[in-house]
Amino acid sequence: MAISAREAEVLALVGDHRSNAEIAAQLVISVRTVETHVSSLLRKLGAPDRRALAGIAAEAAHTERTSQALAGLPAPLNPFIGRAGERRELRAAVGAHRQVSAVGPGGVGKTRLALAVAADLAGDFADGVWFVDLVPVTDPSMVGSAVAAALGVGEQQGRGIDDSVTAALADRRALLVLDNCEHLPGGVAPFVERLLARCPSVHVLTTSRARLSVPFERVYSVPPLSLDGDSDAVALFADRAAAVGWTVEAADLDQVADVCRKLDGVALAIELAAARLPALGFDGLVAGLSDHLRLLVGGYRADDRHRSVRAVLDWSQALLAERDLALLRRVSVFVSPFTAADAETVAGFAPPAPGEVVDGLARLADQHLLSVAAAAGVTRYRAAETIRQYGAERLAAAGEDDATRARQLGWCLTMAAELGDPSPSSGAWRAGFDAVADDLRAALGWAAGRPGHRADAHRLALALAGLTFTRNLAGESQQRYEQAAALADDPAAAATALRRAANVAACRMRGADAYRLWQAAADAALRAGDHAGAAHDLATAVTTYVRKAGTFAEPPPRDEPAGLLARVRELAGADPAARAAVALADCVALGYAFFAGPDGPAGPAGPATSAAELTARAEQAVELAARLDDPLAECAALQALTAARRRAGDTFAAAATARRRVDLLDTVPLTPDSADELIDALFIATAAGIGVGDLPAARRWGRRLRDLPPLAEVGHLATSQLIVADALAGHATDVIAASGRFVDSWTQAGRPPSRGFGPVAAAVAMVHGLRGDDAARADWLAILDQLGVGPADRAGYSPTLDAIALLHQGRAAEALNGLDDGDDGPAPWRTGILLHWHVALAAEAAVLADHPGAAGRLAAARPVVDGNPVAGAIVERAFALLDDDRDRLLSTAAAFEDAGCPYQRARTLLLAGADASGADALAGLGLAAVRPPRPRPARPPSR
């Protein structure tokens, strides 16, 4: 009989040995209902008592965990035959040791054995078993990228891909299977060592032809298939022969055993031989094997099995026509699966001619020298790794290696060009890139070391840099741009590549890298005779030093940017772009000194200046940049002007400038050159929108930031601004959902201290306060502490956010006490984005707390919040409360609705006595209704 969803929940809790009362409390049902469900489960599952029922639940949970863990393994295409003893031994080794290497000759069956053992152990690793095929990886530094792709881990802001993987697995219990490590010992060994050191519950199983030779390694030698009695080798031969339509009869077993012995029990060789059985019969098979094995006998004993595999491959290919042999060795250059059209381009030069390639591929597939897979209507071919390596050897022996790889390089350039106009949101584009990415990398690695192909290598490095940026592989994108610069014969081209590398580094919040790369670009520009370009690059290095100061692991000497700025003025001359860059650098440097104050770090422009002078400098930079018809230069200047106007106290002008900056960037495609500017613009515009009460715009910009491709894998950065905007608007359900992504991403990043995320944690804590969830609120206040936020940092926003929750709960006096700093002197909230909110809430708290100075506070608040639709409505609501004017009170509800602040609208309804409609409105937002007390009218109307 079927089990209902509720019964399944009860069963799981019985498996956790919960009492009926505990189950009732967790599921919010009565104890009597729990007893009914337990009785039903006993009957349906045929369990004699509750203890047996708990055992059934535990078994079901284990099955579910195993099923989930197996999701990280590829599904086998044919049954695993034999090896019971080896399977048991390797399983025990992996369970007892953190890292085990399954070693043996090519084709012996290491991969299939590792997959079988991983499947056996799936239930023991709660966070899954994951398989990583390293065959396509040709660069040792890309091992971490391959593991990240298998795990679904993206590069995290401020971390390389290797560190992102270790951060993702730091607290996980998982098994990682790294297959085919023999060609990457210099990449696999250090990666595994770092992984095991930082991830105490992760186990690693590697397969390779040779051990990793590291001290923590446990080696398991994978033997050939057994050859005695009812051998595994014979069973495998019979199974694979049946797959091609040949039934091995009892009378044939001796001949099968003979073939298997001559093949040394090597699994790949047996499979290839069985595939030939329908064409040759046993006598032809035995004769062919004998001839070729005799030709290859000799050498050291350690090579015997390797030579046996080679014998089978030699013999298999000896049956092919010359054009098919040529085709097989040429397609061995493909690292990833390829289409017939790809093969025609790369391998289609006589023999075989392009028109003969398709038939040749079919013949190779029929003889199991190529595997075939169809996906999305496209048929792709792939050679097994042993066959691919064998083909590569034959390609070199035939003297065709350079010619074939040069053709592959041309094919890669064409593929890269076809992908060069991407639609990042398109799954088809991503699939297209992923299908060729490893071949692009391999071709680049080959071409980069050959002087005759240096120009093409430069072009391919540039193309791959742009493609990986679009694919959100920012770390590799920066690496490829730097590689393109190193390959460029023209210093001007090198400067261009270095500028793009610097911009990508800025997107990654790698300030030191960006600073270094802008200076390297300037050096290249000077070699090209481009003094104006060098001036622009050095000026951008100065602005990077200022704008990205928080992302430097170790800042450069304090006087260095001032020296750079002096050099910029020397180089700029009369060039308009260089002059604009100088003006911007001067403005940013002045702002740095101004904001830092006399006790802060010295700015590169010398002593601080006035806010008016700073604003004038910023306006000059904007004017100069606008003349260049360069949106990015103008946007950079607008950032400086936004900061200058905000610090001068012109909040609304600052918000308008921030909005203008975003509007200007809407005309610019998302590229490495524009991405960092757009990220910064959306951050600032969202904050500015919150500050002036433009919540619809702030939420719109926050959603854009959340969905921006370069931040797709950095959830805590991407969601931070939207969470604050949604919290102030009152969209609690959205805040709770986004806060989960925030904390998950921050945890994956290693929970780094970051005071800039303090408003996010405080805003989520506020929402939980509005929901009446004190435990969740305490959790987020603890996160606020873990972010390294001190009292001075949170003083700019926590009193305001706390006051919203306290007023919601009817604790007006406490809210007023937290908001009132006791004097009119300097306070962090006076220069923060929540100034208007703070002033308005303090005035309302005074009214609700029946403070004798409430009327005066309201009068003083009006001019401060004038122009802010939300803060202004809060002040008007407080006036209505003070005068006990219900009609005016209800009119503010409409104002809040127009301002995009549904929480304050719902709160207004409650204050006006419309309890039912107010409670319904709050429930729709995911909030709890608390009837706030209203003040007693004690004075005549205030106006």
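Heavy atoms only: backbone and side chains are in, while hydrogens, waters and symmetry mates are out. Sequence positions, counted from 1, serve as the residue numbers for this chain.
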**Q** Establish, from distance only, whether the side-chain atoms of H731 and D726 form a donor-acceptor pair under 3.5 Å.
**A** no
**Q** Taking C-beta and beyond as the side chain, do L909 and S917 meet within less than 4.5 Å on heavy atoms?
**A** yes
**Q** Could you verify whether a donor N or O on one side chain and an acceptor N or O on the other, from Q721 and R706, lie under 3.5 Å apart?
**A** no
**Q** With no hydrogens and no angle check, do the side chains of R877 and T908 hold a donor and an acceptor under 3.5 Å apart?
**A**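 The answer is yes; a qualifying pair exists.
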**Q** Hey, mind stepping through H836 and F652 against side-chain contact (heavy atoms from CB on, under 4.5 Å) and telling me if it holds?
**A** CA-CA 11 Å; H836 295 165; F652 292 100; 3.5 Å; yes
**Q** Nearest 0.5 angstrom please: L910 CG to L922 CG, how far?
**A** 5.5 Å
**Q** R794 side chain to V789 main-chain N or O, any donor-acceptor pair under 3.5 Å?
**A** yes
**Q** Can a side-chain donor-acceptor contact be found between Q26 and R18 if the only test is distance below 3.5 angstrom?
**A** yes
**Q** May I ask you to check whether H838 and Y797 show a side-chain donor-acceptor distance below 3.5 Å?
**A** no
**Q** Compute whether any side-chain donor of one residue and acceptor of the other, for R646 and T651, lie under 3.5 angstrom apart.
**A**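 Result is no, nothing qualifies.
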**Q** Is it the case that the side chains of T36 and T33 hold a donor-acceptor pair, with the cut-off being a distance below 3.5 Å and no angle test?
**A** no
**Q** Can you see whether F879 has R862 sitting over its ring - NZ or CZ less than 6.0 Å from the centre and within 45° of the normal?
**A**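 Yes, a cation-pi geometry.
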